[in-house]
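Reading through the structure tokens given below for one structure.
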Amino acid sequence: MSRLTRGLSSAVVCALGAAMLLSAPTAAVAAEEPLGIRINEVVSNGGSPDDWIEFYNYSDSAIDLSFYVVQDNSDKNPYEIPAGTVVAPGAYYVIDTLSKAGEGDFDFGLGKGDSVRLFAPGDANGAQPLLQTTWPADTHAVPSWGAEGDGADASYLLTTESTKGAANVFPSEGGGDGTPDPVAGTVVLNEVDSQPADWVELYNPGAEPLDISGYELRDSDDDIDHRWAFAAGTVIDAGEFLLVEQGDIGLTGGVETPFGQFGIGSADEIRLFDPTGVLTDRTGAWTEHAAIDGDFIAATYARCSDGVGEFTLAKATPGAANECAAAPTVAINEVESDGEPDWVELANPTAAAIDVSGLIVKDDDDRNAYAIDAGTSIPAGGHLLLDDLGFGIGKGDMVRLFDGDGLIDSTSWGTAHAPTTWGRCPDATGPFAVTASPTPGAANTCAADVTVSPWPGSPDVRVLDSTPTFLEDSSGLDMQETADGTFLWAVDNDEGRIWKLTASVDGSVSVVDGWADGKRVRFQKDAANPDAAGPDTEGITVAGDGLVYVASERDNSAKGVNQNKILQVDPTLAGPDLVAVTEWDLTDQLPAVGANLGIEAVEWVPDATLAGALFDDNTKAPYDGSSYAGDGLFFVAVEDGGGVYAFALAADGSAELVSTIDPGLAGVMALDYDSVLGVLWAVCDDGCGGTSAQITLNGTDQPGIAHFARPAALVGPDGEELNDEGFATAPASLSKDGERPVWWFADGYSSSALRTGTLPGVSGGEGPGTGPGTGPGDGSGDGGSEPGPSVTPLPGTDLVEGNTGGATVTPPVVAPGGTVTITVGAQHAGIDVEVWMYSDPTFLAHGTLNDDGAITVIVPKDAPAGAHRLAVYSASGDLLGWVNIDVKAGGALATTGTDMPAASLLLALALLLIGGGAAAVRRRRVTAAG
């Protein structure tokens with residue numbers, strides 16, 4: 001069961017209790033005469049529906065804002081106010097940020113320390129705005145940033161509440177800095193630790209003791225199991241701290257319960273409710289456990305300062321005044337410990353250049369020392385790449401920065417190399433984490449920066465269970481294709497109950513005879529005890545042997561203990577209970593996490609699909625199934641951290657970890673192997689806004705990763721975000737008119753839990769084919785194919801330096817079967833194109849360029865090693881640009897599109913038309929960029 005909530009940026013949290021700081025008055029800064037209208041109120045995070053900007057007409061005349069331009073502090077994405085926008089005297093005009101569903105107005109996000117600027121019509125990015133307001137650095141405009149005063153002579157400060165389309169509300173009294181005086185007896189959240197121990201600190205900034213009996217702590221989930229209330233008689237004295245630790249007794253649903261049962265995750269938040277159920281405070285969301293230089297024990301998230309500050313990275317001070325951690329003046333910013341060569345990047349987060357001459361970089365061995373050359377400086381906000389260290393950096397190593405004998409900064413990353421690089425997120429100032437991709441000599445790319453493209457199928461979604469069919473704790477889904485039909489399997493995580501349903505081409509399902517009540521999965525130890533609580537079954541899959549495998553993260557009779565197990569059951573048995581035939585305990589081979597933060601999903605993939613495609617971490621080579629027990633591997637996903645792990649399961653109950661994949665998500669709730677696209681889907685729930693990752697296995701330690709938003713219509717009955725924990729895609733045999741069904745399963749609903757949408761299917765009508773690779777219930781037949789090319793490409797000799805079109809490619813080095821993104825420029829955005837691969841031109845795919853003029857394609861699995869070129873042509877045959885790429889390994893490349901091997905044709909069919917491109921999990925930088 002998930003407790004994730006959407007993160008704002010990597011390792012950064014927002015707070016409702018931010019200090020209310022004054023800014024300089026802001027008026028019409030460029031107009032000779034007042035405009036009669038002002039920027040009146042701004043919300044930069046957590047508004048309704050999200051960021052918004054409010055204007056107010058304080059004059060006696062109507063103001064026409066047609067074609068005026070609104071921008072934040074960036075020159076990108078100016079928003080032009082529509083024609084006919086007239087604001088009456090005394091009226092308000094509000095614009096909202098665009099939602100994923102395309103509703104709203106401006107398409108830039110507002111951040112901490114950001115600005116709102118108004119420019120004259122046609123003057124986007126002008127030298128001087130007509131109006132401007134800026135809120136304090138490192139502070140969100142939350143509850144809102146509002147104008148106080150009359151007319152144009154207003155001052156700005158943080159309000160006490162957001163009042164969209166109404167008069168602003170400010171503190172009535174308080175200190176000169178805008179901070180309200182504490183009321184007699186009050187309570188706020190003050191510090192939180194989520195790793196290695198879960199605890200929460202509360203603080204009473206008031207002048208009198210406060211009885212908090214019945215106040216309730218929750219994480220990001222509102223399920224009853226995620227609520228913990230203070231027992232009667234709990235009092236916080238004035239100016240004192242109250243520490244809530246694991247094991248402290250409170251009440252959950254009126255029953256005495258130790259704190260810590262729900263677990264505080266790596267992507268989570270803590271909220272405080274009063275006894276009437278009113279939300280009184282919240283930490284805001286973080287997207288990874290707090291760590292200082294890789295040390296989780298030393299770090300927490302805390303208010304700076306106590307009681308009123310914003311939550312940020314801090315040193316652990318349970319039950320005492322907070323001590324917040326500041327990044328050093330010169331910081332170690334990014335480390336490549338497994339590169340060619342290894343390198344270290346320093347950053348200057350200050351507003352002035354810093355001389356770093358003579359500073360010394362070391363690893364964990366004092367004998368390995370690199371002195372920075374005399375005369376070396378880092379400009380304000382700049383980066384310095386050190387790629388000639390003269391020593392290597394290991395996987396169980398650290399990097400330290402010294403000024404003489406004085407330690408300035410240090411970082412370590414555990415026992416393994418970071419799959420990308422190890423860097424600060426946010427860049428230069430944040431704690432260390434695994435980056436989204438290496439950026440030597442440039443600002444770090446963090447998980448929150450990864451491009452998320454629109455859902456590749458239809459935006460439409462429909463509910464399948466309008467009447468109660470399942471229980472309220474819906475979790476995993478899986479698809480099974482057999483000679484008897486195509487079936488959708490579902491599992492509940494409270495009772496461990498599974499269901500079997502027949503799936504149809506239109507996505508509708510019907511319960512198979514004998515499965516209306518489902519069947520309960522039981523631990524072997526509970527075979528003779530039908531009253532035992534049973535496994536917390538979060539995921540389900542069906543293997544080639546026809547047996548069902550469920551993933552359990554704990555025993556529901558001991559919810560405070562993490563126990564990651566896979567249970568194998570025979571679904572053909574009568575039931576009502578199915579006792580596990582075999583159990584595999586994976587706990588010791590997976591990361592140590594909270595009890596309710598373990599494995600959320602399981603997916604079986606056959607050896608025939610994985611051979612040569614999955615990278616084997618043990619052999620450091622493409623996977624060979626003959627080296628392991630059984631047919632196929634079982635992929636499991638861990639909620640806390642979002643890692644995906646592939647295991648070989650032996651009949652004797654032993655398991656061997658074969659491969660680990662980072663899909664670039666804060667948490668993963670569902671897995672599904674898509675036999676049509678030939679990709680493994682990893683899906684997050686509402687903690688990541690329903691974002692999913694397509695993992696393309698390409699035989700290297702750099703699987704292709706592309707992220708997608710959920711469909712716009714995938715929302716709850718009241719428009720709320722869904723906590724989807726199950727996901728399954730249909731095989732090619734359920735394709736019709738180029739589409740095929742896909743299903744989601746939402747936790748927390750007795751009805752309206754199961755929904756269906758679409759993904760691209762196989763063109764040419766229904767057909768039994770399975771696409772690239774094979775899956776359970778292999779079919780045969782081609783099932784149709786993608787339309788062929790319509791362009792006559794130039795011969796390779798005509799691709800010359802003069803017609804590259806300024807095109808770029810990321811990454812420039814790729815393995816066969818990997819994805820690359822070619823960008824030919826925003827001036828070509830929206831153009832339908834074809835992509836061809838040379839030497840002899842070979843058609844790869846059709847597509848439409850995104851707003852950046854980019855398209856992402858899959859390099860054929862049989863592409864030979866060596867230099868190649870990718871060319872992009874418009875539908876009319878014009879060459880838009882071409883780039884060089886280097887393929888690292890592979891077989892023979894076909895010389896024409898019609899002669900391509902079947903596997904390559906299917907890969908072309910599986911083209912990922914990704915709006916912003918794929919983010920590679922691993923990318924080497926042989927030559928570092930300055």
Side-chain angles (χ1 to χ4, degrees), residues 5-6 8-9 12-23 26 37-58 70 72-73 79 87 90-99 103-106 108-118 131-149 154-174 177-180 183 186 188-189 220 269 271-274 277-285 303 308-311 719-721:
T5 192
R6 181 180 303 170
L8 305 177
S9 63
V12 178
V13 293
C14 68
L16 298 180
M20 299 183 179
L21 305 173
L22 284 171
S23 170
T26 303
I37 200 159
R38 72 187 185 195
I39 302 167
N40 195 59
E41 190 176 6
V42 181
V43 170
S44 69
N45 184 65
S48 177
D50 204 340
D51 300 353
W52 52 266
I53 301 166
E54 175 190 87
F55 296 88
Y56 173 63
N57 181 355
Y58 57 81
V70 182
D72 61 357
N73 63 5
Y79 172 72
V87 186
Y92 299 89
Y93 170 63
V94 179
I95 55 176
D96 295 289
T97 188
L98 277 172
S99 69
E103 299 172 347
D105 305 290
F106 58 91
F108 53 83
L110 297 172
K112 293 183 179 180
D114 208 343
S115 302
V116 172
R117 300 179 294 165
L118 182 72
L131 298 175
Q132 177 173 336
T133 184
T134 301
W135 44 100
D138 299 321
T139 300
H140 265 301
V142 173
S144 67
W145 182 245
E148 184 180 42
S155 294
Y156 287 79
L157 69 157
L158 290 173
T159 66
T160 56
E161 61 180 288
S162 63
T163 54
K164 191 176 187 179
N168 296 339
V169 177
F170 299 96
S172 58
E173 55 184 274
D177 64 350
T179 303
V183 297
T186 186
V188 295
L189 298 167
S220 62
E269 73 168 329
R271 299 173 294 162
L272 180 67
F273 293 79
D274 71 13
V278 174
L279 176 68
T280 63
D281 198 12
R282 70 196 309 167
T283 61
R303 291 191 188 277
V308 296
E310 180 172 325
F311 276 86
E720 70 275 19
E721 231 180 354

Measure the shortest side-chain to side-chain distance between [X] and [Y] over non-hydrogen atoms and say whether it is less than 4.5 angstrom.
{"X": "Phe170", "Y": "Leu157", "value": "yes"}
{"X": "Leu110", "Y": "Trp145", "value": "no"}
{"X": "Ser162", "Y": "Val43", "value": "yes"}
{"X": "Leu158", "Y": "Trp135", "value": "no"}
{"X": "Thr97", "Y": "Phe106", "value": "yes"}
{"X": "Tyr156", "Y": "Val42", "value": "no"}
{"X": "Phe108", "Y": "Val70", "value": "yes"}
{"X": "Glu103", "Y": "Asp96", "value": "no"}

If you take all heavy atoms of [X] and [Y], which pair is closest and at what distance?
{"X": "Ser115", "Y": "Thr134", "answer": "OG-OG1, 2.6 Å"}
{"X": "Pro143", "Y": "Glu161", "answer": "CB-CA, 3.7 Å"}
{"X": "Arg282", "Y": "Arg303", "answer": "O-NH2, 4.2 Å"}
{"X": "Ile37", "Y": "Leu131", "answer": "O-CD1, 3.5 Å"}
{"X": "Leu98", "Y": "Asp105", "answer": "CG-O, 3.5 Å"}

Output yes when a side-chain donor or acceptor of [X] lies under 3.5 Å from a complementary backbone atom of [Y], and no otherwise.
{"X": "Asn57", "Y": "Ala91", "answer": "no"}
{"X": "Thr280", "Y": "Leu272", "answer": "yes"}
{"X": "Glu54", "Y": "Gly165", "answer": "yes"}
{"X": "Arg117", "Y": "Asp72", "answer": "yes"}
{"X": "Ser44", "Y": "Ala141", "answer": "yes"}
{"X": "Asp281", "Y": "Leu189", "answer": "yes"}

Please lay out, stage by stage, how Tyr56 and Glu41 fare under the test side-chain contact (heavy atoms from CB on, under 4.5 Å).
CA-CA 9 Å; Tyr56 173 63; Glu41 190 176 6; over 6 Å; no
Can you tell me how far the CG atom of Asn40 sits from the OG1 atom of Thr163, to the nearest 0.5 Å?
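Asn40 atom CG to Thr163 atom OG1 measures 7.5 Å (nearest 0.5 Å).
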Could you check Glu148 against Asn168 for side-chain contact (heavy atoms from CB on, under 4.5 Å), going step by step and ending with a plain yes or no?
CA-CA 7 Å; Glu148 184 180 42; Asn168 296 339; over 6 Å; no
Please lay out, stage by stage, how Tyr79 and Ile95 fare under the test side-chain contact (heavy atoms from CB on, under 4.5 Å).
CA-CA 10 Å; Tyr79 172 72; Ile95 55 176; 4.0 Å; yes
